[in-house]
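Comments concern the structure below.
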Amino acid sequence: MSARTIAVVGATGAVGEEIRSILLERQVEADHWVFLASARSAGRSIDHGEQTIEVRDLASPNAFDGVNIALFSAGGSRSLEYAPKAVEAGALVVDNSSAFRSDPDVPLVVAEVNADALDTRPVKGIVANPNCTTMAVMLPMKALHDAFGLTEMVCSTYQAAGGAGQSGIDELHAQVDVLIHHRDALRHDGVDAIGQVTPEVFMSPLAYNVVPMLGNMQDNGYTDEELKLLFESRKILGIPALKVAPTCVRVPVVSGHAISVRATFAAPVTREAALEAMSGFDGMVLDEFATPLAYAGGDPVAVGRVRQDLFDDHTLNLWVVGDNLRKGAALNAVQIAEALIERGHA
Ligand code: A2P
């Protein structure tokens with residue numbers, strides 16, 4: 001391979017910023033870096049290791065000239081419009097949006113689970129990075145599926161404000177700043193407390209609350225966010241008949257998603273056998289009382305509270321935690337780029 005150029009699309013956003021820092025941390029080698037964002041950010045300088053890179057407008061002509069790998073994290077509509085242009089210019093795209101995840105010709109990859117999907121060069125030039133919640137669940141489920149044969153999951157999520165980007169984090173902090181002065185209302189008159197703030201990112205006030213509606217409602221009463229847990233899990237694990245009952249809930253946490261999973265298997269399973277199957281799995285740690293805060297800013301997915309079901313010896317209940325911006329988004333995107341480089345595709 002001659003000189004390698006890596007582009008980050010959405011380089012100024014919450015995930016883009018994390019991608020840039022992980023690229024440096026993991027010493028991913030490139031001769032040239034291209035940082036793309038909206039016209040608003042064009043011209044801004046970003047320090048990257050020893051270099052200073054000027055942000056360019058994604059819409060500028062020839063934005064992808066010479067780019068070998070483009071890591072997209074600027075929202076689904078930008079991916080739909082610009083990923084094909086990047087591919088046309090010769091780049092391989094790692095896309096963090098949901099735009100291409102269901103395309104059968106686009107591999108959907110969790111690095112520790114199904115990187116073998118990248119052994120052959122992606123036919124459309126695009127690899128999709130899974131949804132942040134699904135991502136975390138896939139690590140323990142892959143370890144357990146290989147040992148016991150996964151057939152069903154009930155997933156109840158506790159998703160951080162940061163899953164909605166910087167604006168979600170800002171909204172949570174702003175609501176806390178207001179509501180901390182309304183302690184009586186929080187205790188005795190929730191309707192009054194709700195009236196003190198005007199939610200924009202989330203559909204109800206998130207501070208001192210939980211919001212059981214995340215994503216866009218579909219005709220069947222589930223949200224698109226919930227259905228990702230079904231369709232993406234099936235594709236990543238290669239279990240087309242996997243049954244998933246998902247409920248996605250937003251909680252007032254800044255970073256770090258948690259998921260309570262009830263998983264049912266073809267074979268009987270005990271807590272001890274499950275712990276043995278999961279121990280040493282790449283990218284994952286066992287931590288009985290893992291909290292999102294303890295893993296915010298960290299790489300591993302943590303799994304705890306592993307219990308055999310009280311009534312069904314084919315079923316386990318467990319708790320999964322992962323930083324939504326790192327393993328849930330930026331880290332896995334960088335790992336996909338590394339896998340493409342390792343295989344000589346870029
Ligand atoms: P910008 O900072 O110039 O708006 P987040 O998810 O944190 O909101 O970040 C979204 C990322 O996507 C940012 O880098 C943002 O750039 C970029 N982005 C948003 N809209 C556009 C657009 N129309 N064209 C190019 N980049 C965009």
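Just follow the structure's listing: the first ligand is 1, and inside any ligand the first atom is 1. Owing to the predicted nature of the structure, the values given are computational and were not obtained by experimental measurement.
Under a hydrophobic-cluster definition in which Ile, Leu, Val, Met, Phe, Trp and Tyr are linked whenever side-chain heavy atoms come within less than 4.5 Å, directly or via other members, V261 and V301 are assigned to the same cluster.
Contact check for N96 versus L71: no side-chain heavy atoms found under the 4.5 Å cut-off.
Qualifying ring pair (Phe, Tyr, Trp, His ring centres under 6.0 Å) partners for F35, counting only residues two or more places apart in sequence or in other chains: H48.
Within 4.0 Å of ligand 1, heavy atoms belong to protein residues G10, A11, T12, G13, A14, A37, S38, R40, S41, L58, S73, A74, R78, Q166.
M213 forms part of a hydrophobic cluster together with I169, L172, V176, V178, L179, I180, L186, V197, V201, F202, M203, L206, Y208, V211, M217, V254, judged by ILVMFWY side-chain heavy-atom separations under 4.5 Å.
Counting only residues at least two apart or in different chains, salt bridge (Lys or Arg N to Asp or Glu O under 4.0 Å) contacts with residues 314-326 comprise E18-R326, E25-R326, D299-R326.
Using a 4.0 Å cut-off between charged side-chain N and carboxylate O, E88 and K85 make no salt bridge.
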